[in-house]
S.K.: 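Attaching a single structure in structure tokens format; questions to follow.
Residue numbers start from 1 in every chain, and the chains themselves are labelled A, B, ... in the order their sequence lines are given, proteins ahead of strands.
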Amino acid sequence: MSDPVIRLSQVSKSYPGAGGLFTALSEVSFEIARGEFVAIVGQSGSGKSTLLNLLAGIDRPASGEVIVAGQALHSLSERALSAWRGRGIGIVFQFFQLLPTLTAAENVMLPMDLCKHGPAAERRGRALRLLERLGVADQADKFPAALSGGQQQRVAVARALANDPPILLADEPTGNLDSRNAKALLQVLAELVRDERLTVVMVTHERHAMQRAMRSIQLVDGRVVTAPAEALLHA
Amino acid sequence: MLDTRGLKLLRDLGQHRARSLLVVAAVAIGLIGAGAVLNTWALVQRATELGYRSSLPASATLSVNRIDAALLQQMRSMPELAAVRARLAVRAAVQSSGGWRNAMLYAVDGFADPGLGRLQPDSGSWPPRDGEWLIERSSLEFSGASVGEPALLKLGQGEAQPLALGGVVRDVSLAPGWMEHLVYGYATPATLARLGAPTAFNELQFRVRDAALDRAGVRRIAAAVKTVIERSGARVTAVDVPEPGQHIHAAQMDSLLMTQGAFGLLALLVCAFLVVNLITAMLAGQSREIGILKVLGAGPRQIMALYLSQALLLGVAASLIALPAAIAIGRQYAGFKADLLNFPIAGHAIPWWAIALQLLVGCLLPVAAAALPVRRACRISVGAALRDIGIVTSGQALASTRRWPVGGLSRPLLMAIGNAFRRRQRMALTLLALAAGGAVYLGAANLRSAVGASVDLLYADQRHDVSLRLAEPQQAAALEAAALAVDGIAAAEAWRGQRATRVQADGLDDGFTVLSLPPASAMLRPRLLDGRWLTGSDRTSLVVNSAWLKQHRELAVGSELALTMDGRRQTWRIVGSVDAGLQPLAYAARAALGGETLATSLVVRTGSRSASAQLDAIQRLRAALAEAGMPVASSQLQSEGRRIVEDHLLMVVDFLGAMAWVMIVVGGMGLASTMGMGVLERTREIGVLRAIGAPGRTIQLLVQAEGLVIVVLAWGLSLPLSAPMSLLLAEAFGRIMFPVPAQVMPSAANALGWLAIMLGVSLLACAWPARNASRISAARALSYE
């Protein structure tokens with residue numbers, strides 16, 4: 001693969017636990033090209049979220065290399081990681097993680113204010129356009145508590161796109177949605193990949209979500225395996 | 001226009017309104033306490049400095065038997081002296097509705113522009129005209145006189161004469177008349193002569209040209225002036241050189257305000273504890289949001305700036321509330337203090353630096369309190385922040401609670417006890433705040449007891465009910481016999497007070513009062529500190545009180561000193577020291593001064609203890625003595641004197657203890673917030689309890705029990721802390737008033753009283769959190785995140 005936008009090389013990660021050291025990831029290596037929609041699948045405890053955290057720079061590998069959008073994340077300082085996160089990636093969480101005291105539009109504007117993305121006077125307009133793109137512009141001035149789960153997740157996606165990141169990471173984005181909203185959200189992600197060549201890496205254990213991705217990376221007990229996804233989902 | 005960070009800042013404060021208001025209230029309370037004392041100090045300093053300086057106070061006052069124009073002219077030509085004036089000072093009495101009041105009347109050679117000791121006209125006529133008198137402002141109410149109305153005045157045995165009160169003046173060089181129980185008055189020499197006063201001036205006052213001279217330097221000049229006076233043929237009987245540039249009560253006021261200021265700062269510190277707790281709790285609830293901000297690209301500095309700005313905003317709000325209150329209270333208190341010092345305070349503005357300092361402290365206190373918790377919160381990893389699920393108690397911590405010796409207690413109660421220790425830092429800060437308030441409360445209670453005991457001791461020595469000052473010396477035996485013949489008088493003893501002077505190294509006299517009395521006096525039994533009391537054979541022996549020794553540190557029991565009394569110079573020996581009275585005093589055997597037959601005062605014991613019966617007896621006694629040709633100049637009930645002393649002393653104690661209540665209030669607020677935060681953090685736990693059948697009442701009791709654990713621990717901690725606090729307060733009181741033996745441990749009554757207060761604080765502080773906890777529904781709690 002030429003110029004992968006994400007490259008992991010022999011990445012391992014362990015955590016201290018009550019029963020000793022727990023290995024979450026073991027010598028994981030893979031690459032993802034620009035414009036790919038990749039699903040990272042596996043059972044609970046397989047290391048999916050750990051992997052996503054490493055890609056987001058939220059966590060550091062014990063060994064190996066993590067290179068995302070040209071940045072060797074494993075060697076950046078905490079401050080540099082924060083700055084990189086603001087522009088290098090967008091993250092969508094299972095439980096939306098919107099700030100409760102900001103409206104939908106303000107939540108989308110927040111990353112722009114933090115990273116000083118674009119002129120201040122234009123940020124609200126940009127936020128409204130993103131919300132429009134996600135189909136929730138009419139909810140722009142409502143607080144998250146007044147929005148449905150599906151609406152909140154769309155706002156979260158809009159926020160993740162606020163600073164034009166080349167990569168979108170999504171951790172179980174449909175985990176807290178009903179089937180209708182989940183389907184709609186996956187459609188949005190697919191459209192973003194198609195229309196804007198966004199690279200989307202989505203952690204999921206849901207079949208219908210996995211089926212929307214172009215390909216899957218399967219994790220079993222912290223290792224990448226090559227068995228068919230269907231088989232793993234039924235294991 | 002605020003960006004999203006500013007909006008989050010404001011809305012977060014609004015969302016946690018109660019907590020935000022609590023921080024504002026805590027800072028405001030602490031700031032009001034400390035700020036009021038600072039404002040008072042600043043105002044009083046400025047008023048006394050400006051007021052005292054502008055009054056051109058006398059550097060020294062010499063009592064001289066003869067002052068003529070030539071002597072005055074000679075004084076005025078001395079280059080070291082900037083101003084000189086002659087004064088006539090006479091003891092008098094003024095009749096008021098309460099009887100005759102002691103008075104000091106002054107006449108000077110030129111009221112209008114003396115160049116020193118300026119009087120400030122307050123109302124009425126100025127300067128005094130012949131045939132009228134002016135009263136010092138602080139004596140007006142005490143005297144019962146009214147401007148424009150005549151008052152009866154008399155000098156010694158002279159006839160009482162009505163004199164119109166022409167006006168009111170302020171003399172800042174004097175302590176307030178009501179405090180000294182003296183009516184200060186001013187009249188022309190001709191007016192005083194009409195009352196029977198001598199025509200010649202009897203005091204010479206001067207002001208030195210060099211304002212930078214210290215007391216020793218002024219004393220050297222006073223010695224030179226004394227030499228000039230004595231060369232002219234006149235005699236100097238006393239020299240008074242006050243501390244230059246300092247009002248007589250200034251040092252006491254400074255000590256009192258400094259001590260109160262220290263407690264104000266302590267109250268502010270206790271408020272800071274509360275603010276740390278509250279901000280830590282606010283941040284605990286923001287863990288996840290901090291994680292989100294980090295994920296969205298916020299750096300540590302941006303996050304710190306956001307939360308420190310919140311703290312700053314709360315500080316600004318607290319300062320804006322506290323500052324006007326601190327200014328208002330400061331002005332009130334300063335007015336009260338100024339009355340004590342007899343200085344005008346109106347028209348003085350609080351200095352800008354005092355206001356700026358209060359604003360700075362108010363704004364920065366929450367920022368300082370928040371700095372460490374914010375820094376800690378910002379350091380939490382993104383992963384941990386996003387995974388935050390409230391209180392997690394480690395297995396080790398839980399296991400350790402099993403070893404506590406609290407067998408026999410129910411499991412829910414054990415749970416309440418354990419809950420109190422789950423957030424140890426928060427609990428420690430709450431404990432410290434409550435314990436600090438308790439230490440000050442108990443310390444003030446101890447001081448009150450110690451002061452009461454000291455006053456008891458002071459008056460226990462004095463076995464008489466009334467003391468009377470005679471208009472002129474009388475035969476002691478006749479005096480006593482005449483007194484004993486009066487109905488209601490159970491015992492009487494004649495004493496003699498005389499002025500003794502001792503020549504010091506700088507050539508000036510050091511004067512003090514020697515009280516001669518029967519060695520086996522039935523009216524005075526002071527507590528012996530060193531040496532022995534007087535005996536019948538003593539002729540040149542002195543016993544001195546501790547206040548006298550404090551003034552003459554170079555002398556001790558066993559020392560000899562040359563004294564001049566009644567024109568006779570003799571060497572005396574100090575044979576003992578006693579704990580008696582607040583003013584410096586020496587005692588000699590009545591026979592030693594050759595005054596076996598002469599007395600200047602009479603002390604009596606009445607048959608009745610009631611004040612009205614005693615007053616009747618005094619009136620009969622005064623009438624009888626006047627009829628016998630032994631008129632009385634003034635009299636005072638011991639009980640009245642004691643009440644005045646106690647009032648003053650206890651006022652100081654109460655001032656010192658007032659800060660304790662500030663700390664108790666803040667401590668209570670801290671407990672309320674700690675319990676509130678605890679309930680919030682354990683919402684899911686409470687839901688589980690509800691789900692398994694715990695009724696609301698039980699939940700309430702658990703919360704209340706947790707609060708009780710904390711206050712009982714705080715009470716226990718405050719007991720040993722009160723010991724050093726008691727020592728501190730006693731030491732401060734000693735500097736302000738007089739030394740008292742420190743009562744270090746609280747009495748059982750005070751300790752139990754404090755426990756009762758703490759229990760009340762706990763019930764009150766935990767009521768709302770307990771109520772909230774009991775209203776949490778199981779379903780809502782279990783879905784809580």
S.K.: Could you check whether any side-chain heavy atom of B:Leu7 comes within less than 4.5 Å of a side-chain heavy atom of A:Thr103, counting everything from C-beta outward?
M.R.: no

S.K.: Using a cut-off of 6.0 Å, state whether more than 12 heavy atoms not belonging to B:Arg301 lie near its atom CZ.
M.R.: no

S.K.: For residues B:Ile292 and A:Arg159, report the shortest heavy-atom separation together with the two atoms involved.
M.R.: CG2-NH1, 3.7 Å

S.K.: Would you say that A:Leu114 contacts B:Arg5 through its side chain, given a criterion of any heavy-atom pair below 4.5 Å between the two side chains?
M.R.: yes

S.K.: Give me the atom names and distance for the closest heavy-atom approach of B:Leu296 to A:Cys115.
M.R.: O-SG, 4.1 Å

S.K.: Is the number of heavy atoms from other residues, nucleotides or ligands within 6.0 Å of CZ (A:Arg60) greater than 12?
M.R.: yes

S.K.: Counting distance only, does the side-chain N/O of B:Arg288 pair as donor-acceptor with the main-chain N or O of A:Gln97 below 3.5 Å?
M.R.: no

S.K.: Could you tell me whether the side chain of A:Asp113 and the main chain of B:Thr4 form a donor-acceptor pair under 3.5 Å?
M.R.: yes

S.K.: Could you check if a side-chain atom of B:Gln302 sits within less than 4.5 angstrom of a side-chain atom of A:Ser82, using non-hydrogen atoms only?
M.R.: no

S.K.: Look at atom CG of A:Asp221 and say whether more than 12 heavy atoms of other residues, nucleotides or ligands are closer to it than 6.0 Å.
M.R.: no

S.K.: In Å, rounded to the nearest 0.5 Å, how long is the span from OG1 of A:Thr101 to CD of B:Glu289?
M.R.: 5.5 Å

S.K.: If every non-hydrogen atom of A:Leu102 is compared with every non-hydrogen atom of B:Arg11, which pair is closest and at what distance?
M.R.: CA-NH1, 3.7 Å

